[in-house]
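Side chains included, hydrogens not; waters and symmetry mates left out as well; all remaining heavy atoms used. Indexing begins at 1, ligand by ligand and atom by atom, following the structure's order.
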Amino acid sequence: MIQTQLYIDGQWQSPVDQGTRAIVSPADESVIAQAAEATRADARLAIAAARRAFDGPWRQTTIRERAKLLNKIAELIDRDADKLARLESLNTGKTLTESRTDMGDIAATFRYFAGLVASESGAVNEAPHHVISRTLREPVGVCGLITPWNYPLLQAAWKIAPALGAGNTVVIKPSNLTPLTTHHFTQLIAELDLPPGVFNLVTGGAEVGAELAESLDVDLVSFTGGAFAGESIMKAATGNFKRIGLELGGKNPNIVFADADLDAAVDYALNAAFFHAGQVCSAGSRLMVEDSIYDAFIGLLAERLPRIVIGNGFHGETQMGPVQSAQQHEKILGMVQAGIAEGARLVHGGKRPAGDVYKQGYWLEPTLLADVTADMKIAKEEIFGPVITAERFRSEEEALRAANDTPYGLAAAVWTRDLDKANRMSRALRFGTVWVNDYHPYFPEAPWGGYKASGIGRELARIGLDEYTELKHSYINLAPKAMGWFGA
Ligand code: NAD
């Protein structure tokens, strides 16, 4: 049985009140680990350690040293990629293929930020000859990083790499449902020669996250999760006006025009919605199809759905694993029922699959609800499970209006062979990412984040590093002379 501990000030330790939490496999509900469950008291110790480390020698590290550190972390991720992928699948239920992809992306994230940090040198500004004026980027300070359960280590990497690369110190709090890969990652950090307190791990629930958001000793909080927690973090951050980054939920339209490549659009509609059982912030669960091909499209999806192989993520043939928790399972089924009650037509799924292996664990059939209209709750709220809701539209204007009519703005996709229409749509859709004739790809070089209620700020890309820095104007007068302005 895996036992995890907290990592504070360079030491592995138990929580102050010795709390533990059983970590459960979503595939069969067996207990797979006992994780340290921290409280506010542990968070305070970690914050104090991070503060001391930030105010100490860590500030003197050079960009070259920090770039080398990020590259070293990438090497360790590569070395332990198989172990990490297995832990991620065990804890989240996602297929091993998906977890292996995550680990590759994580190493790439560290390497990308290593390159970016190494290229960071500030700027010398035009100024009079006796003045040196420079624009410098400096670390923000102590960073509280709070991550969700769907992409535990990937989301952590998007925050840790730029935070450490920019010279900050870190307290990370993963979701208390899925702490295992972040714990293993911390073991990799412990192999390195970092000053105590630069990197701290505090596993626990909302109260630990709330302490990070409230503490006057934390300078920045970067949070990925739901809108509810995001709102309370934003309010808590006003105590010292700390910097905040929020990556929140989405309600992401996948819009298929009649002139699209139908084979590809059907295939990607499934991928958009059922990747990691739909538990993806950018999942394309809101399918919108042009009227003239709508019935055919639903027919093609209906043929494919019963063939999706649901099963344990460790089995090679599995295409879709379980959802994360009993709470999610119940919430998703409730949303499906709410949709049916509002008039949606259940084409497939909407229940636990039949068979003994699916009796334990949080299993759901891939689900298709057709004839959904834009005013229904299931077309507006994030479902975060393996459910496609399908709406019909009659014109480009109608599709655009309905797609933008959501408080969220994370990601959208458009399927068409008409490049002019593709360009018009991708400009007019108010979402942080708009794919045309594709779904899901992202690169460390490109920004990730949402418009509107999908969040504040961006991760990845140069802006994903800049968010962990303060800008300073350094002005040095080399030849000061009296001005005689006042009372001379
Ligand atoms: P959640 O909001 O319940 O929890 C996220 C993290 O915040 C966890 O570590 C949790 O313990 C902590 N937390 C909860 N309440 C808190 C509070 N009041 N103060 C401080 N911390 C608190 O979200 P979740 O259920 O773990 O994740 C699912 C959500 O995350 C979905 O809405 C999904 O769309 C979103 N998400 C967004 C992105 C993105 O990039 N935009 C990526 C992944 C997930």
Side-chain angles (χ1 to χ4, degrees), residues 21 23 26 35 37-40 43 91-92 94 102 105 109 144-159 171-179 182 201-215 218 221-237 239 242 244-252 275-286 323-329 331-332 335 381-385 406-411 431-433 440 442 446-461 464:
R21 163 184 278 262
I23 304 299
E37 179 82 352
T39 61
R40 280 179 185 265
N91 202 167
T92 63
K94 67 173 73 175
D102 286 359
D105 287 359
T109 300
L145 312 179
I146 305 172
T147 50
W149 46 257
N150 59 340
Y151 282 86
L153 195 53
L154 185 69
Q155 297 298 334
W158 289 12
K159 299 180 193 305
V171 179
I172 185 158
K173 190 209 89 61
S175 163
N176 57 1
L177 298 176
T178 55
T182 311
L201 167 72
V202 188
T203 49
E207 68 168 290
V208 175
E211 183 64 33
L212 293 175
E214 289 165 24
S215 171
V218 173
V221 166
S222 177
F223 166 83
T224 302
F228 184 73
E231 187 186 335
S232 94
I233 285 167
M234 196 167 171
K235 285 181 180 152
K242 58 174 64 70
I244 50 169
L246 301 175
E247 294 290 345
L248 307 175
K251 189 71 192 176
N252 314 294
F275 205 70
H276 191 19
Q279 303 166 113
V280 185
C281 50
S282 50
S285 60
R286 186 182 181 195
V323 298
Q324 183 66 50
S325 63
Q327 196 190 358
Q328 278 302 110
H329 193 258
K331 183 192 143 201
I332 297 161
M335 292 285 282
E381 292 181 17
E382 188 179 44
I383 300 176
F384 223 59
T406 158
Y408 293 110
L410 188 58
F431 294 80
T433 294
H440 277 323
Y442 77 94
W448 182 263
Y451 285 27
K452 304 193 278 181
S454 286
I456 293 178
R458 291 291 182 273
E459 297 197 290
L460 302 179

Does ligand 1 have an atom that lies less than 4.0 angstrom from a heavy atom of [X]?
X      : result
Asn176 : no
Trp448 : yes
Gly449 : no

Handout entry: Which residues share a side-chain hydrogen bond (donor to acceptor under 3.5 Å, both in side chains) with Lys251, sequence neighbours left out
Key =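 Lys251 satisfies side-chain hydrogen bond (donor to acceptor under 3.5 Å, both in side chains) with no other residue.
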
Exercise for the section: Without swapping roles, check the side chain of Asn252 against the backbone of Ser285 for a donor-acceptor pair under 3.5 Å. Expected result: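 Between the backbone of Ser285 and the side chain of Asn252 there is no qualifying donor-acceptor contact (under 3.5 Å).
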
Are any of the N/O atoms on [X], whether in the backbone or the side chain, positioned under 3.5 angstrom from an N/O atom of ligand 1?
X      : value
Leu248 : yes
Ser232 : yes
Ser454 : no
Gln155 : no

Distance to 0.1 Å, residue and atom name: give those for the protein heavy atom nearest to [atom].
atom                    : result
atom 10 (C) of ligand 1 : Lys173 NZ, 3.8 Å
atom 21 (N) of ligand 1 : Gly209 CA, 3.5 Å
atom 1 (P) of ligand 1  : Gly226 N, 3.7 Å

Handout entry: Glu207, CD atom: more than 12 neighbouring heavy atoms under 6.0 Å
Key =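 For Glu207, atom CD is crowded (more than 12 foreign heavy atoms under 6.0 Å).
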
Problem - Closest approach of Phe384 to Lys331 (non-hydrogen atoms, all atoms of both residues) - result: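 Scanning both residues completely, I find the closest heavy atoms to be CB-NZ, 4.4 Å.
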
Side-chain donor/acceptor pairs under 3.5 Å, residues 145-153, sequence neighbours excluded:
from, atom 1, to, atom 2, distance (Å)
Asn150, ND2, Gln279, O, 3.1

